[in-house]
Amino acid sequence: LDSKAVTNLHGITLDETRTIVSNAGPGDNFQCNLISPIMESDCVAAQIKFKILCDNTNGVYVGVTPTHLQASYKGYAACGRADTLVYRCRDGDKRLNGRWSSFNTKPPGRKGGKGRYRKGEQITITFYRNWRSLIVEDLEGMVGRMAFDMSFPPDCSFNFFVDTCLSSQSVSIVSSRWIRKS
């Protein structure tokens, strides 16, 4: 990732490498971070791996959102939109076509209100344009595949995103790769 990897939409503080997303807002506040580069229509697949840097993942969301919608967030997170693909770190649920449903059925690493993941654990999400799907993996292996039936124009561009809702929640971008048509 280059030095412009994360778009700072809502007061997020980023480290000097711009690969750490950290919510520095007061208390309970939703903040959205779009990750670049944009997955343009020539991007057939993209993958990003996140490392959890906080103790509380109840309020950390990762996923894919159509790029053209970013102007409409106006301080709101992408995770609440009906046209995003979202993985919720609190419980391993997914948001698809505007509805939350059970997704990660493996027993969580811990119980209670602090979320499914511990500090240091990693989540990988892979976006496949032609398959119209998002695959989620964690340290235990594949969580599952989200196939989406929303209609997007063929040339629709997408961004990975990280949303946080509590002060001090943070993740780092461990690795990423984009595969473009040849």
Quick one: does Arg129's side chain have a donor or acceptor within less than 3.5 Å of a partner on Ser157's backbone? no
Any side-chain heavy atom of Asp138 within less than 4.5 Å of one from Glu121? no
Exercise for the section: Taking atom types as modelled, find out whether Tyr87 and Asn104 have a side-chain donor-acceptor pair closer than 3.5 angstrom. Expected result: yes
Rounded to the nearest 0.5 Å, the NZ atom of Lys119 sits from the OG1 atom of Thr57 at a distance of 13.0 Å
Applying salt bridge (Lys or Arg N to Asp or Glu O under 4.0 Å) to Arg180 and not counting sequence neighbours gives Asp42
task: Apply side chain to side chain contact (heavy atoms under 4.5 Å, CB included) to Ile48 and Thr124, showing your working.
output: CA-CA 6 Å; Ile48 191 161; Thr124 303; over 6 Å; no
Minimal heavy-atom distance between Ala46 and Cys43, with the atoms involved, is CB-SG, 4.1 Å
query = How far apart are the C-alpha atoms of Cys89 and Ile123, what are their side-chain angles, what is the distance that settles it, and do they pass the side chain to side chain contact (heavy atoms under 4.5 Å, CB included) test?
reply = CA-CA 9 Å; Cys89 296; Ile123 299 166; 3.5 Å; yes
Worksheet item: Linking I/L/V/M/F/W/Y whenever any side-chain heavy atoms sit under 4.5 Å apart, do Met142 and Val64 land together?
Response: no
Practice problem: Taking the side chain as every heavy atom from C-beta outward, state whether Val171 and Ile20 have any atom pair closer than 4.5 Å. | Solution: no
| said: Is any side-chain heavy atom of Ile173 closer than 4.5 Å to one of Phe160? | reply: no
Sorted by chain and residue number, the side-chain contact (heavy atoms from CB on, under 4.5 Å) partners of Trp131 (sequence neighbours excluded) come out as Tyr128, Ser133, Arg145
Rounding to 0.5 Å, atoms OG (Ser102) and CG (Asp93) come to a distance of 5.5 Å
- Item | Polar contact flag, side-chain donor to acceptor under 3.5 angstrom, Thr65-Asn159 | no
query: Donor-acceptor pair, Arg88 side chain versus Asp91 backbone, under 3.5 Å?
result: no
Heavy-atom check, side chain of Gln31 versus side chain of Asp163, under 4.5 Å:
no
So NZ of Lys49 and OG of Ser175: to nearest 0.5 Å the spacing works out to 5.0 Å
Value for CD (Gln122) from OH (Tyr117), rounded to nearest 0.5 Å, stands at 11.5 Å
Value for CZ (Phe158) from OG1 (Thr67), rounded to nearest 0.5 Å, stands at 8.0 Å
Query - Donor + acceptor pair across side chains of Thr126, Gln47 (<3.5 Å) - result: yes
Side-chain donor-acceptor pair under 3.5 Å between Thr164 and Asn23, yes or no? yes
Check your understanding: Below 4.5 Å, heavy atoms only, C-beta onward: do Val62 and Val86 meet side chain to side chain?
Key -> no
*asked:* With a 6.0 Å cut-off on the ring centroids, do Trp178 and Phe127 count as close?
replied: no
Ile125 versus Ile135: any side-chain heavy-atom pair under 4.5 Å?
no
Scanning both residues in full, the closest heavy-atom pair of Ser168 with Cys54 reads O-CB, 3.8 Å
Residues passing the ring-ring contact (aromatic ring centres under 6.0 Å, His included) test with Phe50, sequence neighbours excluded, are none
Check: Below 4.5 Å, heavy atoms only, C-beta onward: do Val136 and Met146 meet side chain to side chain?
Finding: yes
Does Asn56 offer a backbone N or O that forms a donor-acceptor pair with the side chain of Gln169 under 3.5 Å? yes
